[in-house]
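Note sheet for the following structure.
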Amino acid sequence: MKQKIEALILQAIETLKAEGSLERDLATPIVVERTRDPLHGDFASNVAMALAKSAKTNPRALAEKILVAMPSDALLIKMEIAGPGFINFFMDTRAQYQVVSKILLEGEAFGRSQIGAGKKVQVEFVSANPTGPLHVGHGRGAAYGSAVADLLAAVGFQVEREYYVNDAGRQMDILATSVWLRYLETCGEAVIFPSNAYRGDYVRDIASALHEGSGTLYQRAIASVMEAIPADEPQGGDKDIHIDALIERAKLLLGAEQYEAVFQIGLNGILADIKQDLSEFGVDYQHWFSERQLMDDGSIQQALQRLEVAGFLYEQDGATWFASSRLGDEKDRVVVRDNGQSTYFASDIAYHMQKLSRGFDQIIDIWGADHHGYIPRVRAAVEALGGDVDKLKVLLVQFAVLYRGEERVPMSTRSGEFVTLRELRTEVGSDAARFFYMMRRSDQHMDFDLQLATSKTNENPVFYVQYAYARICSVFRQLVEKGFQQDVTQGMEHLALLTESHETGLLTMLSRYPEILERAALQHEPHQLIQYLRELANDFHAYYNAHQFIIEAADLRNARLNLICAVQHVLRNGLHLLKITSPETM
RNA sequence: GCGUUUGUAGCUCAACCGGAUAGAGCACCGGCCUUCUAAGCCGGGGGUUGCAGGUUCGAUUCCUGCCAAGCGCACCA
């Protein structure tokens, strides 16, 4: 409908241009919006105001001309000029009723579209280091990222979800060494566990699994392990020097092959846990992309060569630098350290070169907001590699702060006291967790109140929406119990009986769903859909309280049943799109 | 200090990307269950959109300055 009006206005303006009332080369951005106030009709446009200045006339006079030139349309019953020069459009209510039959006909497909058809988009999200279980901060990225991907898919994009596994680097060596030391404990060695190692219970679990599977294969005497190792921090030493020495010792005592085996067991144990965790949270990926692979297959070398050829690399202080400051970054960045090792950033350059080569029309990176300073250098890298910077979109997710009522829940990754995503899911459930995470704009800080999310008696927005759905299901159960049967055809014939304000309001609300979906997808803002579902639920609850559905008059009864059946479909479509369940009873 | 993001009702947040009288929930006050689930509904109070300028028909939205907060400023990942 919206597009139709836009087309009509465009025609009118073309007509005016043709007859010389308007400059021929006038830019015409047609904007038609739904009105907030029913008094302003169903749709409104501000074209006249937008054009008035460049057309050197006043808005109301121009609006007048446009109205005269507008082609007529059967469903358009009234147009008027209001306020400073808005053109308000009033639609025939028949147009509103059509949405009911459309929804019942299309079912699950209602709201979906093909505006993204033929376009490939990659969404990379979470990508947490595989050094421990996901915590609640990752949960928000997971809920948000998967929703962005699902929304894009719903409007026709070909979407690829990817997780970048940082399986290289020092943190992974610390993990491998942590696993090995816990394993030695299991073997009976008296280990003093390093302060800078991973202390979580999951490391113990992996270690005991290793012990069960391989016996004492990796055991070494603790004396040989600790011999001449610099002191740890609690003993007055430096925790980093201490752990690095232990890593080197582990590599030495185990040999390359056995060290690699322990390393892989640690990595795979945690990756398996992350995959399961995410899957249970409704998040699934097409690709798990390994950083190690970039190192092994020469991608990093290749990427650096490309930068070299393009003239963006130089040597200084024994290191190799990327001149990112020439492309908008605040300073240049090291890509190869003076010890010959490439940096994490070098991996990321190679990774993005990979992404560019895979033929996506759009590449979406979803990062924690603390990485925002990283954006300019990655954009610089993409540009230096000859890629199209506009294809890369980085979306930031702010941290969620957990509260239990008034009390702030402490979080710290290293100490092992952090709240994991899994703990959150068991405490509040996946539905509430996803809903709460997505309720707010992702780039805003949010307070996540566990008490509110778990409450089933208090006002809880998740239950509010689900309850609306369950109530409709209940109506249809009651209908049968009372000996009635829904007659869809009769209902469709009498939709015109739906004249109450609650009913016309719901009709408008329902017809907005496809627009909401489209906007939420293109703007990467799932919270708009959540917001919409809350409003729709609200309108339904109000309707439910104001009018009876199961009544004697068959024509009105069936018309109303068709309407709430449409509401039921849209609620379910929206919830399912966000991977939130729609229980039939509550 | 530099960069960046954010300041909206007592609290948590929206506001269709510049539109008409800035809206919800929680909390507070007052009503509604012999009738389809009261996890619900109806009504009420509550705002100088951090402050000061600017741009224009029109600003919570764009620009500048100031104030305040978060984050970032590694040859870590």
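In what follows, chains carry the letters A, B, and so on, assigned in the order in which the sequence lines appear, proteins first and then strands, with residues in each chain numbered from 1. These numbers come from the heavy atoms of this one structure, side chains and all, not from hydrogens, waters or symmetry mates.
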Test side-chain contact (heavy atoms from CB on, under 4.5 Å) on A:Glu124 and A:Phe289 and set out the steps. CA-CA 10 Å; A:Glu124 182 225 319; A:Phe289 195 97; over 6 Å; no
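- Across all strands shown, the partner of B:U64 is B:A52, judged by Watson-Crick or G-U wobble contacts whose two distances both fall under 3.5 Å.
- Between A:Tyr532 and A:Tyr513, the distance from one ring center to the other falls under 6.0 angstrom.
- Comparing B:C75, B:A39, B:A20 by their nearest atom to the side chain of A:Phe463 picks out B:A39.
- Base pairing of B:C28 is made with B:G44, judged by Watson-Crick or G-U wobble geometry with both donor-acceptor distances under 3.5 Å.
- In this structure, A:Ile243 atom CD1 and B:A77 atom P are separated by 16 Å, rounded to whole Å.
- Counting non-hydrogen atoms under 4.0 angstrom, A:Tyr544 reaches a base of the nucleic acid.
- Rounded to whole angstrom, the span from the NZ atom of A:Lys331 across to the C1' atom of B:A74 amounts to 7 Å.
- Both A:Asn545 and A:Glu291 lie near RNA chain B, and the one whose nearest nucleotide falls closer to the 5' end is A:Asn545.
- Considering only side-chain N and O atoms, A:Arg36 lies under 4.0 angstrom from the phosphate OP1 or OP2 of B:A20.
- Per the geometry, CZ belonging to A:Arg441 stands 16 Å off C1' belonging to B:U12, to the nearest Å.
- Pair assignment for B:C36: none, as no Watson-Crick or G-U wobble contacts are both less than 3.5 Å.
- Using a 4.0 Å heavy-atom cutoff across all strands shown, A:Met172 reaches no nucleic acid atom at all.
- One cannot find a donor-acceptor pair under 3.5 Å joining the base of B:C41 and the side-chain atoms of A:His541.
- Per the geometry, NE2 belonging to A:His547 stands 19 Å off P belonging to B:U35, to the nearest Å.
- Using modelled atom types, one finds no donor on one side chain facing an acceptor on the other under 3.5 Å when comparing A:Gln171 with A:Tyr344.
- Taking every side-chain heavy atom of A:His371 into account, B:A77 is the closest of B:C71, B:G19, B:A77.
- Between A:Trp367 and A:Ser127, the closest side-chain pair of non-hydrogen atoms is not below 4.5 Å.
- When the side-chain nitrogen and oxygen atoms of A:Tyr464 are compared with OP1 and OP2 of B:C41, one or more of them lie within a distance under 4.0 Å.
- For the residue pair A:Tyr543 / A:Glu503, a side-chain donor-acceptor distance below 3.5 Å is found, with atom types taken as modelled.
- Taking atom CE on A:Met586 and atom C1' on B:A38, their separation rounds to 14 Å, with Å as the unit.
- Nucleotides B:G7 and B:U61 place their P atoms 10 Å apart, quoted to the nearest Å.
- Nucleotides B:C16 and B:A74 are separated by 38 Å at their P atoms, to the nearest Å.
- Taking atom CE on A:Met439 and atom C1' on B:C11, their separation rounds to 13 Å, with Å as the unit.
- Using a 4.0 Å heavy-atom distance criterion, A:His527 is classed as a sugar-phosphate-only contact.
- Distance, A:Met438 CE to B:U12 P: 22 Å, rounded to whole Å.
- Applying the 4.0 Å criterion to OP1 and OP2 of B:A20, one finds that A:Asn88 has every side-chain N and O outside that range.
- The gap from the P atom of B:C2 to that of B:C62 amounts to 23 Å, rounded to the nearest Å.
- At most 12 non-hydrogen atoms from other residues, nucleotides or ligands lie less than 6.0 angstrom from CD of A:Glu552.
- Nucleic acid contact for A:Glu525: base, since at least one base atom lies under 4.0 Å from a heavy atom of the residue.
- A:His445 has no side-chain polar atom (N or O) that falls below the 4.0 Å cut-off from OP1 or OP2 of B:A69.
- For A:Asp447, whose side chain is taken as the heavy atoms from C-beta onward, the closest listed nucleotide among B:G7, B:G19, B:U12 is B:U12.
- With no hydrogens or angles considered, no side-chain donor-acceptor pair links A:Gln490 and A:Asn562 at under 3.5 Å.
- Here A:Ser347 lies out of heavy-atom contact (under 4.0 Å) with every strand.
- Residue A:Gln316 places its CD atom among more than 12 non-hydrogen atoms of other residues, nucleotides or ligands, all under 6.0 Å distant.
- In the set B:G3, B:C36, B:A20, B:C36 carries the atom at the smallest distance from any side-chain atom of A:Val475.
- Across all strands, A:Asp338 comes closer than 4.0 Å to base atoms (heavy-atom distances).
- Using a 4.0 Å heavy-atom cutoff across all strands shown, A:Asn538 reaches sugar-phosphate atoms only and no base atom.
- B:G72 has no base stacking with the ring of A:Tyr374 when judged by centroids under 5.5 angstrom apart and an interplanar angle below 30°.
- Atom name P, nucleotides B:G50 and B:A68: the rounded distance is 16 Å, in whole Å.
- The pairing partner recorded for B:G23 is B:C13, the criterion being a Watson-Crick or G-U wobble arrangement whose two distances lie under 3.5 angstrom.
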For A:Val567 and A:Asp539, run side-chain contact (heavy atoms from CB on, under 4.5 Å): C-alpha distance rounded to whole Å, both residues' side-chain angles, the deciding distance at 0.1 Å, then the answer. CA-CA 10 Å; A:Val567 173; A:Asp539 287 358; over 6 Å; no
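- Under the 90° criterion around 0 for the glycosidic angle, B:C42 counts as anti.
- Residue A:Asn46 contributes atom CG, which lies 8 Å from atom P of B:G19 at whole-angstrom precision.
- To the nearest whole angstrom, the two P atoms, one in B:A15 and one in B:G23, are 14 Å apart.
- Looking at heavy-atom distances under 4.0 Å, A:Ala470 makes contact with a base.
- The base of B:G3 sits with one of its N or O atoms less than 3.5 Å from a complementary donor or acceptor on the side chain of A:His372.
- Comparing A:Phe399 and A:Ser442 by the nucleotide of RNA chain B that holds the closest heavy atom to each, the one mapping nearer the 5' end is A:Ser442.
- Base engagement by A:Gln548 is indicated by at least one non-hydrogen atom pair under 4.0 Å involving a base atom.
- Here the separation of B:C32 from B:U6, taken at their C1' atoms, is 42 Å to the nearest Å.
- Ranking B:G3, B:C36, B:U6 by closeness to the A:Lys482 side chain, first place goes to B:C36.
- You'll find that the side chain of A:Val334 is closest to B:C75, out of B:A77, B:C75, B:C16.
- A:Gln523 comes within 4.0 angstrom of a nucleotide base, judged by non-hydrogen atoms across all strands.
- Nucleotides B:C73 and B:U21, compared at atom C1', are 46 Å apart to the nearest Å.
- At least one cation-pi condition fails for A:Arg572 and A:Tyr469: the charged atom is not both under 6.0 angstrom from the six-membered ring centre and inside a 45 degree cone around its axis.
- Spacing between B:U60 and B:G18 at atom C1', rounded to whole Å, works out to 11 Å.
- Within the 4.0 angstrom heavy-atom criterion, no nucleotide atom of any strand lies near A:His502.
- In this entry B:C2 has B:G72 as its Watson-Crick or G-U wobble partner, both defining distances falling under 3.5 Å.
- Backbone-only contact: A:Ala369 has heavy atoms under 4.0 Å from sugar-phosphate atoms and none from a base.
- Put simply, A:Arg519 has no side-chain N or O that comes within less than 4.0 Å of OP1 or OP2 on B:C17.
- Contacts of A:Ala44 with the nucleic acid, taken as non-hydrogen atoms under 4.0 Å apart, include base atoms.
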